Number of protein chains: 2
Amino acid sequence: MQQLTPMDEIVLTERQAGVLDAVLRLLVEKGDQLTMTAVARRASCSKETLYKWFGDRDGLIAATVRWQASRVRVAPIDRAGLDGATLTARLEEFAVNWLTVISSQTSIALNRVAIGQAAGRQASLGAIVLENGRFAMGRRLKPVLEAGRDAGLLGFDDTEAAFRTFFGLVARDIQIRLLLGDRMDLDPETIRADAVRATRQFLALHGATTTSTGAAGS
Amino acid sequence: MQQLTPMDEIVLTERQAGVLDAVLRLLVEKGDQLTMTAVARRASCSKETLYKWFGDRDGLIAATVRWQASRVRVAPIDRAGLDGATLTARLEEFAVNWLTVISSQTSIALNRVAIGQAAGRQASLGAIVLENGRFAMGRRLKPVLEAGRDAGLLGFDDTEAAFRTFFGLVARDIQIRLLLGDRMDLDPETIRADAVRATRQFLALHGATTTSTGAAGS
DNA sequence: AATGTACCGTACCGTACGGTACGCTTCCCT
DNA sequence: AGGGAAGCGTACCGTACGGTACGGTACATT
């Protein structure tokens, strides 16, 4: 996965951003059968302008995905001053953030269209979504995990493997169920509880101080 | 999720099964832009017959999904004679089975089309896939988990929650990456190793004999 | 004022595809 | 043998939609 379209500075006028916003809204409500005509009408612009700006339909969708990804990018987690409580808080914060993102209507719609496009022809959208979703998460969390290990709070050999374990404990079956249309209501309290549970489980598996925090309790 | 289309006895002639097989193959290679004409040509039948048998395009795809689901159904795991080694073997077997299924081209293609259809209009395909995938797995594994608890080998309060934890430890980021077009080669050895690791982690979290098996090591 | 640019709205074109109609062959039933 | 049902192959229809062309308008530049 060799760093494709890493994070190109996206230069968009206000107007163009408005168009992509319309695409996003349409994608959420209409699913992937959004038409160029519908986009033009919703954004109050002409189809000709759409084609001039974005080339073709795939280009428009790709621009939308990239633009949304560039908006989601959050502040990096600082790895300074890591004690046990701080590490726990960082992990929980990360899990809350991640669960909030994947349960959002926008993320679901975008993942759906990327997956639909990944069937057959070029899977460029899938690569973009993966790069700005799953892999961006990995790049953000791994320094934290390694700082935790350096501080003697965590124990693992393979950072990637440790991250994937945490990923699994956080996401479980949630994303696939949402993508397949299962109605799960993830209110903030549920997300918070899930994040706490996942973090506790992760620390039970990889925490150096397994016995002290009482993490093994049900 | 109120038991929709539970497992209708599917009555299909050999010929009809052959048609659905063609749909499946076409779905795998062509993605979701399979056309009725292509199906008819591949299956050497007329479009008129297709419509007579399956109603319309959605009916054809739904029949394909249901038929494939009915084929995948495996023998239930017996819960007799559970000692530690047997439980471990059961969990590993289950994990291997699950990973093998979700990494198969057929499963990926089917999930993709169901997800694509879940965007907008009725999400019936998504419900069918969910019912025969994720939820069928739960129904299969939960008796094993509860038998393990009854035998004093496992500890948990909520069977559903325990199953979802196991699910997360097994699947991690694999399914979403495959759906988005990431090329991961899951050879049998990798799957085996993943299954062993997930089982070991699950037992470390929920096993009654946490300290004895040395599961906490890297 | 003249000219050019950007863009909106809409009409238009070509094609792909879902769905239907029809002629022909095969095979079963009696 | 005669009649009907099943089904293959193909031609056909209607429509939806991607993409293009064009007239009209607002605004900037000179």
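Given the structure is predicted, the values throughout are model-derived calculations rather than measurements.
Partners of B/Arg149 under the salt bridge (charged side-chain N to carboxylate O under 4.0 Å, His left out) rule, at least two apart in sequence or in another chain, do not exist in this structure. Residues passing the ring-ring contact (aromatic ring centres under 6.0 Å, His included) test with A/Phe163: none are found, sequence neighbours excluded. With sequence neighbours excluded, the residues that form a side chain to side chain contact (heavy atoms under 4.5 Å, CB included) with B/Arg112 are A/Ile115, A/Ala118, A/Ala119, B/Ile108, B/Leu179. Applying the salt bridge (charged side-chain N to carboxylate O under 4.0 Å, His left out) rule to A/Asp32 yields no partners; only residues at least two apart in sequence or on another chain are considered. The side chain to side chain contact (heavy atoms under 4.5 Å, CB included) search around B/Ala69 returns B/Asn132, not counting sequence neighbours. Partners of A/Arg192 by side chain to side chain contact (heavy atoms under 4.5 Å, CB included), not counting sequence neighbours, listed by chain and number: A/Glu92, A/Val96, A/Val196. Residues passing the side chain to side chain contact (heavy atoms under 4.5 Å, CB included) test with A/Ala193, sequence neighbours excluded: none. A/Glu29 is linked by a salt bridge (charged side-chain N to carboxylate O under 4.0 Å, His left out) to A/Arg42, counting only residues two or more places apart in sequence or in another chain.
Only B/Lys47, B/Glu48, B/Tyr51, listed by number, bring a heavy atom of residues 40-55 of chain B to less than 4.0 angstrom from any atom of DNA chain C. Residues from residues 19-29 of chain A that place a heavy atom under 4.0 Å from any atom of DNA chain C: there are none.
Considering every non-hydrogen atom in both A/Leu110 and A/Val129, the closest pair reads O-CG2, 4.5 Å.
Residue contacts for B/Leu34: at a heavy-atom cut-off of 4.0 Å it reaches the sugar-phosphate backbone alone, with no base atom in range.
Reading DNA chain C from its 5' end, the first and the last nucleotide to sit under 4.0 Å from a heavy atom of chain B are C/dC17 to C/dC22.
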Can you give each donor-acceptor pair under 3.5 Å made by side-chain atoms of residues 45-53 of chain B, sequence neighbours left out, with the distance rounded to 0.1 Å?
from	atom 1	to	atom 2	distance (Å)
B/Ser46	OG	B/Thr49	N	3.2
B/Ser46	OG	B/Thr49	OG1	2.9

